[in-house]
Colleague: 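Before anything else, here's the structure in question.
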There are 4 protein chains.
Amino acid sequence: MIYFDTDYMAGAHPRILERLTETNLEQTAGYGNDAYTRHAEQLILQACGLPHGEVHFLVGGTQTNATVIDALLARHEGALAAETGHINVHESGAIEATGHKVLPLPSHQGKVRADEVEEYIRTFYADATCQHMVAPGMLYISQPTEYGTLYSKAELEHLHAVCQKAEIPLYIDGARLGYALASDEADFTLKDLAMLCDVFYIGGTKVGTLFGEAVVATRPGLLNHFFPLIKQHGALLAKGRLLGIQFETLFTDGLYLEMGAHAVRLAMKIKRAFRDKGYEVYMDSPTNQQFFRLENTQMDRLAREVSFEKWGTRGATHTVIRIVTSWATREEDVDRLISLL
Amino acid sequence: MIYFDTDYMAGAHPRILERLTETNLEQTAGYGNDAYTRHAEQLILQACGLPHGEVHFLVGGTQTNATVIDALLARHEGALAAETGHINVHESGAIEATGHKVLPLPSHQGKVRADEVEEYIRTFYADATCQHMVAPGMLYISQPTEYGTLYSKAELEHLHAVCQKAEIPLYIDGARLGYALASDEADFTLKDLAMLCDVFYIGGTKVGTLFGEAVVATRPGLLNHFFPLIKQHGALLAKGRLLGIQFETLFTDGLYLEMGAHAVRLAMKIKRAFRDKGYEVYMDSPTNQQFFRLENTQMDRLAREVSFEKWGTRGATHTVIRIVTSWATREEDVDRLISLL
Amino acid sequence: MIYFDTDYMAGAHPRILERLTETNLEQTAGYGNDAYTRHAEQLILQACGLPHGEVHFLVGGTQTNATVIDALLARHEGALAAETGHINVHESGAIEATGHKVLPLPSHQGKVRADEVEEYIRTFYADATCQHMVAPGMLYISQPTEYGTLYSKAELEHLHAVCQKAEIPLYIDGARLGYALASDEADFTLKDLAMLCDVFYIGGTKVGTLFGEAVVATRPGLLNHFFPLIKQHGALLAKGRLLGIQFETLFTDGLYLEMGAHAVRLAMKIKRAFRDKGYEVYMDSPTNQQFFRLENTQMDRLAREVSFEKWGTRGATHTVIRIVTSWATREEDVDRLISLL
Amino acid sequence: MIYFDTDYMAGAHPRILERLTETNLEQTAGYGNDAYTRHAEQLILQACGLPHGEVHFLVGGTQTNATVIDALLARHEGALAAETGHINVHESGAIEATGHKVLPLPSHQGKVRADEVEEYIRTFYADATCQHMVAPGMLYISQPTEYGTLYSKAELEHLHAVCQKAEIPLYIDGARLGYALASDEADFTLKDLAMLCDVFYIGGTKVGTLFGEAVVATRPGLLNHFFPLIKQHGALLAKGRLLGIQFETLFTDGLYLEMGAHAVRLAMKIKRAFRDKGYEVYMDSPTNQQFFRLENTQMDRLAREVSFEKWGTRGATHTVIRIVTSWATREEDVDRLISLL
């Protein structure tokens with residue numbers, strides 16, 4: 001069986017495990033008060049072009065979203081997000097569990113549109129009863145989205161401008177950011193992205209670490225008293241240096257982008273092969289998640305040797321499937337998949 | 001500098017890193033749906049003598065306490081705990097953040113007394129206004145306590161009997177359980193402990209893993225719908241097998257107890273040395289945390305070569321310090337410490 | 001100026017104020033532990049045909065919804081509701097503030113459809129990732145809806161059957177229930193409604209009391225430990241007898257239905273008049289809220305003498321307005337309104 | 001039977017019911033957007049000498065405390081309070097239900113001491129692990145306290161100075177404030193009190209209204225976005241004018257102080273009588289709550305004709321009882337009580 005279910009099926013990039021092993025018996029202070037963590041912060045801020053930014057390391061994506069959103073919102077505010085956004089669908093109510101409503105916007109292949117965000121905010125404040133409603137206190141987007149699609153630089157600029165006008169922060173969930181940056185269709189760099197939002201996170205779990213997400217606040221004052229909030233949300237790792245060492249490795253010698261490029265190249269190879277062999281590309285994703293619409297008999301045949309996720313049925317005869325590559329995907333497995341089409 | 005600050009300063013036991021490295025490029029399903037996790041669960045239930053128990057793996061201690069307590073309590077209930085208990089003091093309000101009050105009980109060197117628990121509950125229900133107060137919905141204790149002290153088997157039996165009579169669960173925070181089990185003064189085994197409470201957790205972070213805590217429900221039905229709660233609390237690890245592999249290793253060939261014994265032996269050696277050299281043992285702990293009362297000049301001299309935690313000042317001239325050993329403490333560092341006394 | 005903005009603009013039915021005045025200097029125990037409250041409970045259970053039901057009196061609608069929903073849901077569950085439902089739109093996030101997500105369903109003139117509820121639940125449990133999503137733990141509907149529309153008895157039966165099959169409670173927000181029961185189109189009685197759901201509330205604030213809502217649990221065991229939850233939610237009135245006296249009066253000599261009938265008769269008179277004079281009825285509501293689509297010039301003319309709510313613009317030239325009657329609406333004001341059309 | 005159980009056993013001062021009756025059929029906008037509410041706000045700010053203050057009317061005490069505390073605290077902060085404080089004991093966990101810990105301080109007959117507050121804060125920030133603990137974000141006191149005792153002006157000044165130095169707000173729960181202001185031992189006026197704290201509330205429920213509490217922010221910017229928070233906490237009254245009319249009446253012609261004086265005069269008369277007849281005054285309260293220590297046989301005899309609260313047993317033979325007067329207490333009942341001693 002070869003696996004394309006998701007991008008967190010393997011452990012960590014070997015260089016990360018090597019570094020963890022080399023440093024294993026060193027003794028350092030806990031909770032991120034160590035030199036590895038300091039260094040990782042510097043490397044990230046440098047890569048982002050943010051000399052005055054702040055970096056915080058958390059363990060996982062759901063807890064990162066819940067903690068950041070809790071820090072950014074006042075009690076009467078909610079988070080605008082695509083109705084397909086991870087926080088609205090797949091976090092078991094973690095955002096609501098901290099007291100905040102997710103305010104759903106229409107999803108356009110996973111993306112929100114700046115004009116619709118603007119219109120939502122305009123309509124909200126034009127409503128005489130808006131004090132009885134949940135105020136839009138921030139905008140959440142994911143880059144790439146849960147559907148593998150990308151916001152262009154122009155789209156990010158537009159969203160950021162709308163948020164700045166409304167005086168609400170723009171927060172980008174970068175769980176798979178490495179696969180966005182490495183995409184041929186990405187017309188933005190990490191530095192661009194850092195300039196076009198207020199807070200974002202660089203996902204490690206899906207891009208090469210055992211676990212870990214690096215929250216970047218693009219300027220001071222955005223995430224006040226964030227340390228006790230991280231602890232309160234159960235997102236503080238006792239052996240914090242493990243996060244520092246992993247991200248230090250990711251941001252040394254371009255490893256983060258290198259892993260992203262590997263996964264995207266293989267994903268494009270797969271997309272071309274499916275297309276060439278007459279399969280329907282369901283969503284034209286330029287990143288590491290690919291969606292195809294198959295006849296159920298085709299799908300069942302493929303499933304005998306390939307593991308993947310069924311995204312949803314389409315009528316009685318067809319199903320949309322998701323094929324995901326990662327930094328750990330082997331070219332030989334991709335070739336085997338293609339040979340089975 | 002030699003370090004005795006705390007028990008989470010090093011990485012993981014080398015055997016754990018070896019296993020993580022060996023399995024690193026395998027692809028498995030996420031969220032604990034893998035064979036390593038299944039196996040680790042079996043090993044733990046076997047070690048606990050709980051054929052009908054349940055095991056859940058979470059990442060860290062604070063999130064484990066918050067998630068378990070949230071699962072055990074109804075909305076109108078709070079958790080009884082020693083006023084020195086970790087949940088009452090050192091979790092940045094994580095329990096209250098999920099809506100529950102910690103109901104403090106007097107602390108006797110970190111321990112609660114069964115008669116005082118019983119009296120609290122009796123008084124509560126005798127109060128005509130008890131509906132306006134937070135009902136005691138569970139009892140939280142830590143074994144060993146935050147002061148390194150131990151509940152004896154008889155004390156656990158008494159506490160358990162009080163809880164059973166009141167029909168509230170007894171939950172044991174075992175962040176340092178390995179150091180309790182290995183103590184000379186422990187008159188209970190892991191199997192005993194498992195029979196004398198409802199839910200407990202076996203801490204990995206402080207006893208040899210990179211991270212991870214194993215929650216054990218001693219029978220079905222105690223932690224209903226726990227999976228989505230784990231996710232909601234941000235305590236679900238995407239690459240769940242990392243927890244499975246680590247605990248599988250801990251519970252193979254007696255590694256967990258072996259590590260506990262190592263740390264306790266060195267702690268006892270240190271205690272004897274301090275005592276022999278005329279220092280005052282502040283708290284007579286039989287586990288890996290030791291507390292001594294030093295003159296400030298003595299303390300300052302020691303601090304030039306030894307790193308430790310200042311537990312609290314005692315008047316203008318003395319300070320209580322904490323010396324902690326762990327599975328990773330080297331005998332040579334202990335000898336060096338002793339030579340400096 | 002004559003007022004048709006909403007149904008909570010006047011005080012209470014005069015008979016209620018008389019009763020409050022007569023009993024004013026009596027001394028009774030607080031928090032509903034008084035004979036008036038006991039009697040009101042009996043009268044309501046009798047009117048509902050629920051010998052084994054329970055009644056709890058709370059102060060206002062939003063707090064009632066938040067408290068009941070908090071009592072009915074487990075921590076990992078959310079409340080299904082029409083996306084136009086009061087809890088999803090107009091309660092400033094009170095439901096989310098208690099940790100629960102509102103799961104929006106399509107709104108059909110304010111109503112949900114039983115087949116769509118069923119399909120939602122079916123799809124949810126068919127999803128392999130459903131443990132990562134918020135489970136539908138109850139269904140919330142309002143009768144009449146926020147648009148004045150009514151569920152027929154058959155529709156309630158269907159919704160109830162779907163909920164029973166899914167083993168989730170059906171909760172009916174009856175903030176304006178009196179205006180539903182009095183409608184010509186109501187093919188159900190209060191007793192029918194009580195048989196077709198699990199919990200509902202009989203609204204006082206909008207139907208004749210100064211304030212107050214009577215929560216009815218149709219059988220024991222649905223609202224466990226509800227008293228401390230009421231207190232915790234700030235919904236417990238110290239002078240609880242004020243609620244008892246008001247509801248006692250409402251359910252004596254048919255006052256509740258009499259007030260409902262008065263408001264609905266006048267609302268129908270207004271609807272007929274608008275229709276006869278060629279105005280467009282925007283929503284064909286059979287209860288006390290009426291919606292009309294007016295040209296803006298027409299609307300502005302009317303607004304010189306009549307106070308009403310602008311419901312929403314329809315293009316550049318038209319607006320939908322809402323005209324609301326209540327138990328306190330005077331026939332002469334209705335006639336004056338009609339003469340202005 | 002004559003009643004001295006508590007101060008919320010009767011309805012409202014007759015003048016209030018008269019005003020509610022006179023205005024009953026008027027139609028006004030909801031939620032406090034009416035002229036009565038505006039006028040009541042002005043009267044209160046005038047009485048407090050706070051031209052730049054803000055007033056908000058809520059329904060009850062527990063919800064007022066929960067809403068104000070939620071508004072004043074950041075997510076990582078808790079509220080300092082006497083361990084006997086209402087928020088720590090008698091609100092069914094309402095503060096924790098909004099996510100905040102109550103940080104208990106020693107109670108000195110219901111009062112906290114400024115030096116102990118200062119020491120708590122100093123110790124907190126001196127602790128190297130304070131980021132892992134709940135930060136003291138405000139101070140809650142009640143005036144009079146739950147034991148009827150009073151803070152002197154000097155004590156308030158000291159507490160306020162400590163809070164200002166620590167840059168945390170001082171919030172005063174004035175559920176029974178009228179009985180404090182009317183006390184012979186009160187060396188402060190309402191204007192003094194308003195100068196010596198940040199936020200306080202003037203209780204109506206226990207001092208003459210049917211219900212209602214007036215929250216006073218002594219300057220702008222303290223209770224940001226308070227309206228949606230009130231709604232979110234279920235504390236917003238639809239017919240808001242009922243609060244306005246009641247407080248307008250309280251603050252017209254000195255009614256509030258007049259009622260306070262009546263209750264305190266009778267309470268002092270009772271205290272003198274108990275003392276003169278050789279009973280032990282358990283707590284020397286200068287306000288409307290009086291505490292006496294009786295032999296159980298004495299108590300049982302008294303209880304045949306007098307209703308009061310048993311405050312707590314003292315050994316096997318004695319009990320402390322509480323006798324409470326209010327604006328509604330009749331002199332003849334007091335005389336009857338005294339004759340029974």
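Numbered from 1 within each chain, the chains take letters A, B, ... in sequence-line order.
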Colleague: Would you indicate whether the side-chain heavy atoms of Met138(A) and Ile69(A) approach each other to under 4.5 Å?
Modeller: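 The answer is yes, as the side chains (C-beta and beyond) meet within the 4.5 Å cut-off.
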Colleague: Where is the tightest heavy-atom contact between Glu213(D) and Thr205(D), given as atom of each residue plus distance?
Modeller: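 Distance-wise, the nearest heavy atoms are OE2-OG1, 2.5 Å.
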Colleague: Heavy-atom distance under 4.5 Å to chain D: side chain of Leu236(A), backbone, both or neither?
Modeller: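 It is the side chain, since no backbone atom gets that close.
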Colleague: Which one, Asn224(A), Leu229(A), Thr98(A), leads in non-hydrogen pairs under 4.5 Å with chain D?
Modeller: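 With the most close heavy-atom pairs to chain D, the winner is Thr98(A).
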Colleague: Do the charged groups of Lys165(D) and Glu118(D) touch, with an N to O distance under 4.0 Å?
Modeller: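 Yes, Lys165(D) and Glu118(D) are salt-bridged.
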Colleague: To the nearest 0.5 Å, what is the distance between CG (Leu45(D)) and CZ (Phe251(D))?
Modeller: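 It comes to 10.0 Å.
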Colleague: Does a donor on one side chain sit under 3.5 Å from an acceptor on the other, for Tyr171(D) and Asp198(D)?
Modeller: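 No - no donor-acceptor pair under 3.5 Å links their side chains.
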Colleague: Using a 4.5 angstrom heavy-atom cutoff, name the option from Gly99(D), Pro228(D), Cys130(D) with the most pairs to chain A.
Modeller: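 Maximum pair count with chain A is reached by Pro228(D).
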Colleague: Does any backbone or side-chain atom of Gln232(D) lie under 4.5 Å from a heavy atom of chain A? Answer side chain, backbone, both or neither.
Modeller: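 Side chain only.
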Colleague: What residue in Glu77(A), Lys231(A), His225(A), His132(A) has the most heavy-atom pairs under 4.5 Å with chain D?
Modeller: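 Among the listed options, the one with the most contacts to chain D is His132(A).
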Colleague: Check whether the side chains of Thr249(A) and Arg19(A) place a donor and an acceptor atom closer than 3.5 Å, and report yes or no.
Modeller: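 No - no donor-acceptor pair under 3.5 Å links their side chains.
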Colleague: Checking Glu91(A) against His86(A): is there a side-chain donor and acceptor pair closer than 3.5 Å?
Modeller: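 Distance-only check passes for His86(A) and Glu91(A).
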Colleague: Looking only at side-chain N and O atoms, does Glu41(A) offer a donor or acceptor that is under 3.5 Å from a partner on Tyr36(A)?
Modeller: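 There is no such pair (donor and acceptor under 3.5 Å, judged by atom type) between the side chains of Tyr36(A) and Glu41(A).
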Colleague: Do any of residues 51-65 of chain D have a heavy atom less than 4.5 Å from a heavy atom of chain A, and if so, which, in residue order?
Modeller: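 Listed by number: none.
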